[in-house]
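To start, the structure under review is shown below, and the notes come after it.
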Amino acid sequence: MLKQMFFTNWNFMRLVRLGFGVIFIIQAIQTSDAMMGFISLFFLFQAITNTGCCGINGCVNPPIKNSRTETTEVIYEEIK
């Protein structure tokens, strides 16, 4: 369950959070800033667990599941 949560559904916003977390952690190490370190851990936690500011999957759109594989025939009516 955890492995599936960590390694699936990577979308653009999740990658952005990961990028910010990595950039902020590098900056925190270079400047020895603890507050920047906490901010980077916050972004990294959000990226790894796929959570947003609104809680678990609060800001994430669910993946689109197309369960309809058959094609339907459209009937057209000619208007004169």
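The structure displayed is predicted, hence computed values, not measured ones.
- V74 forms part of a hydrophobic cluster together with Y76, judged by ILVMFWY side-chain heavy-atom separations under 4.5 Å.
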Quiz: residues 29-42 side-chain donor-acceptor pairs under 3.5 angstrom, not counting sequence neighbours:
unit_1: T31; atom_1: OG1; unit_2: Q27; atom_2: O; d: 2.8
unit_1: D33; atom_1: OD1; unit_2: M35; atom_2: N; d: 3.3
unit_1: S40; atom_1: OG; unit_2: M36; atom_2: O; d: 3.4
unit_1: S40; atom_1: OG; unit_2: G37; atom_2: O; d: 2.6

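- Cluster annotation: F45 and F43 are assigned to distinct hydrophobic clusters (Ile/Leu/Val/Met/Phe/Trp/Tyr, side-chain heavy-atom contacts under 4.5 Å, transitive).
- A distance of 8.5 Å separates CZ of R14 from CD1 of I48, quoted to the nearest 0.5 Å.
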